Each structure stands twice: as C-alpha cells, then as structure tokens.
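Worksheet: the structure to be examined is printed underneath.
On a predicted model such as this, the values are computed, not experimentally measured, just so you know. Naming: A, B, ... by sequence-line order, numbering from 1 per chain.
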Protein chains: 2
Amino acid sequence: MQGITGQELSSKKAEYLKYIHMQDDVVKTTEIAVHFSVAPSTVTKALTEIAKAGYIEHTPYHGVKLTPHGVEYARFLIRRHRLVALILSRHGLEPEEACREARKLEQCFSKDLTDRMCTSLGHPMMSVCGEIEHDRRCCGSPGERP
Amino acid sequence: MQGITGQELSSKKAEYLKYIHMQDDVVKTTEIAVHFSVAPSTVTKALTEIAKAGYIEHTPYHGVKLTPHGVEYARFLIRRHRLVALILSRHGLEPEEACREARKLEQCFSKDLTDRMCTSLGHPMMSVCGEIEHDRRCCGSPGERP
DNA sequence: GAAATATTTAGATATCTACCAAACTTTGGG
DNA sequence: CCCAAAGTTTGGTAGATATCTAAATATTTC
C-alpha cells in the first residue's frame with residue numbers, strides 16, 4: 001500500500017471499482033453497464049484498464065473480481081468518500097447533499113491528505129453515508145504503532 | 001452574479017485570472033508566461049478564451065485588464081481558495097500545505113458549496129494565505145438582509 | 001526608420017476521458 | 001450440439017485541456 005496517491009484511477013473508474021467492491025459476488029459487465037447507464041463496451045474498456053492497473057481480475061465472458069490490491073484500494077476509496085462527506089456534513093450539508101458533493105470532490109484528495117483529515121477527525125467510525133472502516137496500516141489510526 | 005457555478009473556467013485559466021486580478025496594472029502576456037513558465041503563445045490562447053467568456057478585456061499587444069464581471073469572478077475564486085485552505089488548515093495542515101492542497105481541490109467546489117461553507121464557518125475574515133473578503137451579495141454574509 | 005522585442009496566429013501534438021455501433025466470440029440452456 | 005443471449009473487441013467519435021514551434025505581425029527603442 002505504499003505510494004498510493006489517490007489519483008490512480010479516473011473518477012469514473014473509481015466509481016466502477018467501488019461498485020464492484022460493494023457487490024458480493026463476481027460482477028458481470030452488463031450489471032455494471034445497467035447500473036451506470038452506459039453501453040457494455042464502455043464498461044469492458046474501462047475494466048480492461050482497471051485490470052491492467054492491477055485492481056481487478058477480469059476473466060473475459062465471466063466477469064470481474066477484485067484482486068487483494070483492488071480490495072485495499074476500494075476500501076481506501078470508500079473511506080475517502082465517507083470522510084469527505086463527513087466533513088461536508090459538518091459544514092452544514094444534509095447527509096444526501098454531503099454524499100453527492102463528496103462524489104465530486106473526493107477525486108482530488110490524496111491518500112496523504114485523506115489520512116491526515118482522518119487523524120484530525122479522530123478516526124471517526126461513522127459518516128453520513130455509512131461506516132468508516134479503519135485499517136491498521138491504512139492511516140495513522142489508533143493501534144498503528146506497536 | 002447569478003448563476004455562477006464555480007466551474008466556468010478550467011483551473012489553469014482560473015489561476016491566470018487570479019494572477020491578473022492580483023496585479024495592479026494592466027498585465028502583459030510575457031509576464032504571465034514567465035510567471036507560469038509556459039510559452040507566450042500558450043498564454044495568448046488562454047487569454048483569448050478567458051476574454052471570450054467575458055472576464056477580461058484583451059487588447060492585443062497591450063495586455064489584459066479584468067472586466068467588472070472578471071473582478072467579481074476573481075474575487076470569488078480567491079475567496080473560495082482561501083476558504084478551502086482555511087478548512088484544510090483546521091484539519092491539521094500547515095499554512096503552506098493547506099494553500100497548496102487547496103489549489104488542487106478548489107476547482108471542484110461550487111459557488112453554492114463555497115457560500116455554505118463560508119456561512120458555516122461564520123464568514124471568517126482571515127485564512128492561512130490571506131484575508132477573506134466578503135461581499136454583501138456574494139454569500140449569506142452578515143448584513144445581507146436589510 | 002530599422003533593429004530588437006513582444007505578441008499573435010496557425011498548425012500540430014499529446015493526453016485523457018467517455019462514449020457508442022457493429023462485428024465477432026463465448027457461454028449456457030434446451 | 002446448436003443457437004440465442006451475453007460479453008468482447010475493434011475502430012471510431014467527440015470534446016476538453018494544455019502545450020509547443022515557427023512564422024507573421026505589431027510595438028518599442030535607439
């Protein structure tokens with residue numbers, strides 16, 4: 001997990017990755033295409049690129065599955081989203097709005113910035129759009145140091 | 001000032017506009033080119049587009065000057081930048097860092113979001129990189145209502 | 001007024017993003 | 001085992017951004 005910048009994937013691709021992570025099973029191209037209202041070929045192209053970057057395993061005709069690296073990255077993306085949404089909600093936005101606006105902003109937050117905000121917020125457990133999962137190694141969370 | 005979204009200009013162009021606003025006089029192409037380390041022709045092209053959008057008056061060979069609309073917009077850009085930097089600094093970033101990171105994020109903050117954060121912060125007068133100027137009509141600042 | 005300087009124009013390159021249609025391949029149910 | 005449905009590949013469109021070089025043009029300065 002060294003060297004994450006938070007900008008490895010375009011925001012659309014990051015949305016795809018988060019979506020894949022949030023499904024239980026192997027995810028099929030069509031499912032993603034329907035969910036995001038785009039053509040299947042658009043999804044295939046994006047998946048190919050995400051796979052090339054090492055976040056998913058794409059078995060043609062059979063769907064995609066996150067790699068361990070992908071799971072780690074997706075967790076970061078979701079945590080980042082929820083932290084940004086939390087901050088927005090603390091500045092007067094309603095949960096819905098905070099979540100929606102966060103989706104526009106989060107792309108620009110680096111891993112480092114995300115971790116520092118997380119620390120400054122005291123590693124909160126809840127945001128306005130879900131739980132925030134912390135990981136020993138993902139940020140300076142409690143318990144990080146031996 | 002109705003209908004500002006905050007995304008009217010690309011971030012580079014917004015940087016040019018802010019720079020122009022912060023100079024006293026008419027600003028010359030070369031000056032901008034040197035400041036941002038790009039070729040003069042790059043600047044000319046950008047200025048032409050900014051002028052087309054109505055923010056500056058470009059007298060070829062003689063430099064640029066903000067229009068009233070441009071002044072208003074540049075003020076918004078600077079206020080937005082400083083508010084974002086302020087929030088970051090309140091989350092543990094040093095002034096320098098806050099200002100630098102803000103430059104990466106600010107582009108995504110809409111006028112509306114900016115105004116609401118401004119309100120929630122109590123219309124602060126100072127940020128980490130300069131004063132925050134409020135305007136009766138730019139946000140729900142004190143004194144807005146008769 | 002000519003030389004030096006500044007600026008603009010024109011023409012290109014490059015990258016990224018996102019998207020679709022059509023042709024082709026695989027799978028899986030019957 | 002075949003065919004329709006699902007999925008993929010290929011090739012193309014489109015727009016935005018940002019950049020540069022080289023040539024043309026304008027301005028300034030001596």
Task: Contacts of type salt bridge (charged side-chain N to carboxylate O under 4.0 Å, His left out), residue A/Lys104, not counting sequence neighbours - done: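 For A/Lys104 the salt bridge (charged side-chain N to carboxylate O under 4.0 Å, His left out) partners, ignoring immediate neighbours, are A/Glu101.
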Task: For B/Arg75, all residues meeting salt bridge (charged side-chain N to carboxylate O under 4.0 Å, His left out), sequence neighbours excluded - done: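 Not a single residue meets the salt bridge (charged side-chain N to carboxylate O under 4.0 Å, His left out) criterion with B/Arg75.
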TODO: Tell me, please, which residues at least two apart from B/Lys45 pass side-chain hydrogen bond (donor to acceptor under 3.5 Å, both in side chains).
DONE: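 For B/Lys45, no residue satisfies side-chain hydrogen bond (donor to acceptor under 3.5 Å, both in side chains) once neighbours in sequence are set aside.
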Task: Heavy-atom protein contacts under 4.0 Å, nucleotides 18-26 of chain C, coded B base, S sugar-phosphate only, - none - done: SBBB---BS
Rounding to a whole Å, what distance do you find between [X]:[atom1] and [N]:[atom2]?
X        : N      : atom1 : atom2 : result
A/Lys28  : D/dA5  : NZ    : C1'   : 11 Å
B/Leu47  : C/dT9  : CG    : P     : 11 Å
A/Gln107 : C/dT17 : CD    : C1'   : 11 Å
B/Glu49  : D/dA18 : CD    : P     : 9 Å
B/Ile50  : D/dA18 : CD1   : C1'   : 13 Å
B/Gln7   : D/dT17 : CD    : C1'   : 15 Å

Open item on the list: Using a 4.0 Å cut-off on heavy atoms, which residues in residues 52-59 of chain B reach DNA chain C? List them by number, or say none.
Closed with: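 Listed by number, they are B/His58.
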- [ ] Using a 4.0 Å heavy-atom cut-off across all strands, classify A/Thr44 as base, sugar-phosphate, or nothing.
- [x]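 Counting heavy atoms under 4.0 Å across all strands, the contact made by A/Thr44 includes a base.
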TODO: Treat each ILVMFWY residue as a node, draw an edge where side-chain heavy atoms are under 4.5 Å apart, and state whether A/Val38 and A/Val64 are in one component.
DONE: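 Result: yes, single cluster for both.
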Task: B/Met22 with B/Phe76, same ILVMFWY side-chain cluster at under 4.5 Å - done: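 Result: no, two separate clusters.
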Open item on the list: Suppose clustering is done on Ile, Leu, Val, Met, Phe, Trp and Tyr with side-chain heavy atoms closer than 4.5 Å. Which residues sit in the same group as A/Val34?
Closed with: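 A/Val34 shares its hydrophobic cluster with no other residue.
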TODO: Would you mind listing the cluster partners of A/Phe109? Hydrophobic ones only (ILVMFWY), side-chain contacts under 4.5 Å, chaining allowed.
DONE: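 Members alongside A/Phe109: A/Leu83, A/Val84, A/Leu86, A/Ile87, A/Leu88, A/Leu93, A/Leu105, A/Leu113, A/Met117, A/Leu121, A/Ile132, B/Leu83, B/Val84, B/Leu86, B/Ile87, B/Leu88, B/Leu93, B/Leu105, B/Phe109, B/Leu113, B/Met117, B/Leu121, B/Ile132.
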Please tabulate, one pair per line, all N/O donor-acceptor pairs under 3.5 Å involving side-chain atoms of residues 7-18 of chain A, not counting sequence neighbours.
{"unit_1": "A/Gln7", "atom_1": "NE2", "unit_2": "A/Gln107", "atom_2": "O", "d": "2.5"}
{"unit_1": "A/Glu8", "atom_1": "OE1", "unit_2": "A/Thr5", "atom_2": "OG1", "d": "3.4"}
{"unit_1": "A/Glu8", "atom_1": "OE1", "unit_2": "A/Gly6", "atom_2": "N", "d": "2.9"}
{"unit_1": "A/Glu8", "atom_1": "OE1", "unit_2": "A/Tyr73", "atom_2": "OH", "d": "2.6"}
{"unit_1": "A/Glu8", "atom_1": "OE2", "unit_2": "A/Thr5", "atom_2": "N", "d": "2.6"}
{"unit_1": "A/Glu8", "atom_1": "OE2", "unit_2": "A/Thr5", "atom_2": "OG1", "d": "3.3"}
{"unit_1": "A/Ser10", "atom_1": "OG", "unit_2": "A/Lys13", "atom_2": "N", "d": "3.4"}
{"unit_1": "A/Lys13", "atom_1": "NZ", "unit_2": "A/Glu49", "atom_2": "OE1", "d": "2.9"}
{"unit_1": "A/Glu15", "atom_1": "OE2", "unit_2": "A/Lys18", "atom_2": "NZ", "d": "3.3"}
{"unit_1": "A/Lys18", "atom_1": "NZ", "unit_2": "A/Glu106", "atom_2": "OE2", "d": "2.6"}

Task: Nearest-nucleotide 5' precedence on DNA chain C, B/Thr29 against A/Leu9 - done: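 The 5'-side residue here is B/Thr29.
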Open item on the list: Suppose we screen for ring pair (Phe, Tyr, Trp, His ring centres under 6.0 Å). Which residues come up paired with A/Tyr61, at least two apart in sequence or across chains?
Closed with: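 Not a single residue meets the ring pair (Phe, Tyr, Trp, His ring centres under 6.0 Å) criterion with A/Tyr61.
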